[in-house]
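What follows is a single structure, written as structure tokens, with notes after it.
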Amino acid sequence: MLTGGKSFVSSPPAFSNDAKRLLVCTGNTVSVFSTSTGLQTCELEGHEAQVTSVIVVPATNPASKFLCYCWTASLDGKIMYWDFAAPELMKTIDIRFPIHSMVIPSLLHQRIDSTGKLPDLYAYICTEDAKQEGKPSSFGIQKCNLTKSRLVGGVTLAETQKPGHVTISPSGRYIGTCEKRKLRIWEIPAKDSEHVSYKKIRLHHTRSITTMAFHPNERVVAAGDVTGRILLWRGVGREAFSNTKSSNGRLNKDGEDRPGVRDGDDADSCTTWHWHSSQVNVLFFSSDGAYLYSGGREGVLVVWQLDTGKKKFLPRIGSPLLYFINSPDPTLSSISCADNQIQLLRMPSMEILRSISGIKLPSSHMDMYEGFGSVVVFNPTAGLIAVPAENYRVQFYSLFDDREISQVQICERNHQPGDEITVKVNLVALSRDGSTMCTVETRLPEEGIGGLVTLKFWACGSQKKQISLSTVIYEPHRDAEISCIAFRPTGNMAVSSSYGGDFKVWVRRHELTPKDETVQRSGWTCHAVGSYKKKPMSTAAFSSDGSVLAVAADKVITLWDPDRNTLLAVIGDSLEPITNLTFVGKSEYLVSASASASRGSKDSNPQLTVWSMSKLSATWSYRLDTKAITCSMGDSTFAVLACCKPKGSAEESLQCAEEMILLFNVEKAAPLSVWFVSKAQGGGLSFVSSDEDKVSATKAADEVLAYINGAREYVLLNPHCEQETKLNISRQRGFANLDETDTHGYASVYGALPEFSLKTDQTPFPSMSSGKTWKDIFSGPPHTLGPLRNLCSDFLESLLERRSGVVE
């Protein structure tokens, strides 16, 4: 099987020493991307749980700039040492405690002792100590000897109730953490060992602190809080961290001499800046210490000049900011955004060079508002999925390449934190060939006035990189909400069903433009309207040849001729309203799923039923809570994403329910295969055609089974093997050539220098005619003169008297 859809922004990334690679924590692995192309080049696989920290070993001299070593830490309790150029695992340290954060100060100031050996390397890690069942876990900052591969006994810098991110100063001299309304800062000794004492201070604030940063050269500490304020403490640790104390041996607590500093804090002054309207997530000082970068939920990067407090902005990033990282190249930086995207910036102009985009994560609004489209839509023939995202966008993502293809803006809206939702995208549907996309959006009424439902058809180009709006239809079903959109597999036809009791058939028509008769313009119009006893129409599906349209009318299934709009038959009488309909490949069978509106109720009777179209009767059925159904395009198999609940109360059933994928053959009630999954709520399932250049299974197969869960993590399974086997999938990552030239450093600011050839020009200069006098030889500009050896011979020849050829 193949997995994908991981988060790129769960932890801060790290640049390589030559700034040509970016190391990103992606689930249980570390993905290495090229900064010149934004494509993935390799992957570090070895951890068994989420990777929380990646630290690149810095270069100590110009010769070591090209060395590619890094340390990683994970929730599996292991610290690993890698050569990420190979890539190759070189060392593993198992401390048996989940690690939430790690810093290694010794890497920033390694010193060789008198014997010529490097001292032991120490890491400071935030670990989790799991208590007994029913008791909360505790967290602590511990010390680990990386050289000897063990924890240092008896050294715990702090204990907290929540996992905290450990921040390190650029010099490696200080580390700190945020804990509620205070900062904890420790000074790391220059000669670190297992038996050293630590000097520490605390800085207090009136609000909860969310992030902190150290100045690279001075004792200045910045912190951001939940209200959007930024605090700057200057002269931090003047008493505690200095070798010399004040004359009276204690802090000067006179408020006039220490403006803004709370009593007992070891700092000279505290300044407050306020621009952000909500929580500050990002704080980072520039390498020269002249500027401070800040960011938060507004999606705006703010650059503060420390001396004057003046501000500069990079607006409209489009998502809340999480991390800001500088690279060894002063002209390159990165910002990580909450929409699972990393932006590479050209500094100091803050121009966005390129983006590294993962799959869009579920929006917080999708859980807050009922009917907000959150289920991904599959394009089985191209191996793509359409993912609803925040800011009314749809992302097209490749399942086989595990990367973004494109994005489309459904309706215009800039990112503004805290805005009330006025429009929700309810549905997204794709045609079988992927040439057309349909969306349904609803403008919410204000004080009960002004609600509007809009149906939009979009024309999609190759690989979904060119998407244009084709047709806009306002109130297609009057004021009723649209329940389903289905495309006809064999033609330019679509159907929309509504809870208002009707469905409409839409067809695409082409017409010539009046100015140029050779150019066609297409649009979608209503072809027919149907209803059945004014019952709500919940879902619809076309047969594989497009000759039959099945529409669910509450608890029955109506069969229609879509071209003539005539009712052919009515089958079924389920106990609950039908929520899903699917024709199984080219067979005569139809699969339906029914469930009550309140799925957690004890009296609900969900049912999965297989219907025979030739007999117009049920073949077999299960009492099964089905969340998604997909059918194979090549044979008579289908798969369902279901939730199996044990007998008992409704609450106990929901807690003990098992989520699984069942693979069936329509002619047999016994499942062919079963896969147990997690996070099925909001997930999706589909058979996807596999490209021969991308996928080759253990048996000859044309399809794989794709499952994506509610967290947007997906897996590709092999449905054609009785036992669970791995697919031999060669992912087309588009590996980047790290030797390709890109503008960095001097070239990015002043442009590339001209190329000079070191070869000697062997082109002979034309010699002067010997018939000229010496005045003619040296006349003219210097660059027209010939070589010196030719000039000498010509000059001497001009002084000699030429003899005639006849001798008297």
Going by atom types alone, do [X] and [Y] pair a side-chain donor with an acceptor below 3.5 Å?
X: Glu179; Y: Thr160; answer: no
X: Gln142; Y: Thr127; answer: yes
X: Ser34; Y: Ser36; answer: yes
X: Ser138; Y: Glu159; answer: no
X: Ser286; Y: Asp288; answer: yes

Using the test side chain to side chain donor-acceptor pair (under 3.5 Å), find all partners of [X] that sit at least two apart in sequence or belong to another chain.
X: Asp192; value: Tyr124, Lys143
X: Asp339; value: Lys360
X: Asp307; value: none
X: Glu351; value: Arg346

Problem set entry | By ring-ring contact (aromatic ring centres under 6.0 Å, His included) - contacts of His215 (at least two apart) |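 Counting only residues at least two positions away or on another chain, His215 forms a ring-ring contact (aromatic ring centres under 6.0 Å, His included) with Phe285.
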For this session: Measure the spacing between NZ of Lys182 and CD1 of Ile201 and express it to the nearest 0.5 Å.
Result: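 So the gap between those two atoms works out to 13.0 Å.
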Problem set entry | Reported CZ-to-NZ distance for the pair Phe241 and Lys200, which is rounded to 0.5 angstrom |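 Going from CZ on Phe241 over to NZ on Lys200, the span is 10.5 Å.
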Which atoms form the tightest heavy-atom contact between [X] and [Y], and what is the distance?
X: Pro13; Y: Ser336; answer: CD-OG, 3.7 Å
X: His165; Y: Thr177; answer: O-CG2, 3.8 Å
X: Leu344; Y: Thr35; answer: CD1-O, 3.6 Å

Exercise. Charged N to carboxylate O below 4.0 Å: is that the case for Arg150 and Glu194?
Worked result: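 Between Glu194 and Arg150 there is a salt bridge, with a charged N closer than 4.0 Å to a carboxylate O.
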For this session: Would you mind checking if Glu187 and Arg173 are paired as a salt bridge, meaning a charged N to carboxylate O distance below 4.0 Å?
Result: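 The answer is yes: the pair qualifies as a salt bridge.
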Exercise. Do the ring planes of Trp304 and His276 sit parallel (below 30°), tilted (30 to 60°) or perpendicular (above 60°)?
Worked result: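 Ring orientation of Trp304 relative to His276: tilted.
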For this session: Could you check whether the rings of Tyr69 and Tyr81 sit parallel, tilted or perpendicular, using 30° and 60° as the cut-offs?
Result: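 The rings of Tyr69 and Tyr81 lie parallel, inter-plane angle below 30°.
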Problem set entry | Pairs involving residues 45-57, ordered by first then second residue, that meet side-chain hydrogen bond (donor to acceptor under 3.5 Å, both in side chains) (sequence neighbours left out) |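 The answer is His47-Thr72, His47-Asp76.
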Exercise. So which of Ile230, Val280, Val300 actually passes side-chain contact (heavy atoms from CB on, under 4.5 Å) with Trp275?
Worked result: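 With Trp275 as partner, side-chain contact (heavy atoms from CB on, under 4.5 Å) holds for just one option, Val300.
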